[in-house]
Every structure is written in C-alpha cells, then in structure tokens.
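Note: hydrogens, waters and symmetry copies are ignored here, and every other heavy atom, side chains too, is used. Numbers here simply count residues along the sequence, with the first being 1. From a predicted model like this one, the values you see are computed outputs, not experimental measurements.
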Amino acid sequence: MNHLFATTDLEKSYRVNLNMIGLDNRPAVKNLHEILTEWLVFRRETVKRRLNYRLDRVLRRLHILEGLLVRSSTSMR
C-alpha cells in the first residue's frame with residue numbers, strides 16, 4: 001500500500017487558501033462546509049431577487065394591459 005501511495009496519484013495533497021469574504025462582508029478563513037453553505041444562501045437570495053424582479057415587470061405589464069382593455073371596451077360602446 002505504501003508503495004502504491006508513493007508511486008501513483010492515489011494520495012496527493014494540495015495546499016488551498018480558503019480565505020474569503022463572507023456574506024457578512026468580512027474576510028475570514030472558512031472550511032469547505034461553510035463556503036458551500038454560504039454559497040447556497042447567496043444563490044437562493046440571487047434567484048429570489050431575480051424572480052421578484054421578473055414578477056414585478058409582469059405585474060406592471062398586466063396593469064398596463066388591463067388599462068388598455070378597459071379603454072378599448074369603453075370606446076366600443
């Protein structure tokens with residue numbers, strides 16, 4: 001086993017700097033679990049903001065279309 005580990009890529013170590021700015025806007029060294037957890041929170045919030053923006057645009061357009069519908073129905077009388 002030791003020979004396999006020494007002569008193949010079965011065991012390799014890499015140095016990784018996990019220093020990052022978190023959701024609290026402060027730099028910190030985080031472990032992989034914390035990084036993934038914060039990334040999921042960030043993605044969830046990003047998707048929610050994007051969907052709310054699209055919903056607001058659709059609702060504004062519906063409001064305009066309702067007004068045009070009311071105007072066209074009163075002009076037909």
Checklist entry - Taking everything shown except Asn19 itself, do over 12 heavy atoms lie less than 6.0 Å from its CG? => result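 Enclosed.
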
Next on the checklist: I'd like to check Ile21 versus Arg26 (side-chain heavy atoms, cut-off strictly below 4.5 Å). Are they in contact?
Outcome noted: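 The answer is no; the side chains never approach within 4.5 Å.
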
Checklist entry - Distance from Leu59 atom CG to Ile64 atom CD1, nearest 0.5 Å? => result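 These two atoms lie 11.5 Å from each other.
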
Checklist entry - Under a single-linkage rule joining Ile, Leu, Val, Met, Phe, Trp and Tyr whose side-chain heavy atoms are separated by less than 4.5 Å, which residues share a cluster with Val70? => result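 ILVMFWY cluster around Val70 holds nothing else.
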
Next on the checklist: Who clusters with Leu23? Use side-chain heavy atoms, under 4.5 angstrom, across I, L, V, M, F, W and Y, and order the result by chain and number.
Outcome noted: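 Other cluster members: Val41, Phe42.
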
Checklist entry - What heavy-atom pair brings Val16 and Leu18 nearest, and what distance separates the two atoms? => result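 For Val16 and Leu18, the tightest heavy-atom pair comes out as CG1-CD2, 3.4 Å.
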
Restricting to side-chain contact (heavy atoms from CB on, under 4.5 Å), what partner residues turn up for [X], sequence neighbours left out?
X     : value
Leu69 : Ser72
Leu51 : Val47
His63 : none
Leu32 : Leu36

Item to check | Residue list, salt bridge (charged side-chain N to carboxylate O under 4.0 Å, His left out) with Glu34, at least two apart or on another chain | outcome: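 By the salt bridge (charged side-chain N to carboxylate O under 4.0 Å, His left out) rule, Glu34 matches no residue at all.
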
Next on the checklist: Going by salt bridge (charged side-chain N to carboxylate O under 4.0 Å, His left out), name the pairs with one or both residues in residues 46-60, residues two or more places apart or in two chains.
Outcome noted: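 Listed once each, the pairs are Glu45-Lys48.
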
Next on the checklist: Please enumerate all residues that pass side chain to side chain donor-acceptor pair (under 3.5 Å) together with Glu38, with sequence neighbours excluded.
Outcome noted: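 Side chain to side chain donor-acceptor pair (under 3.5 Å) check on Glu38 returns Lys30.
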
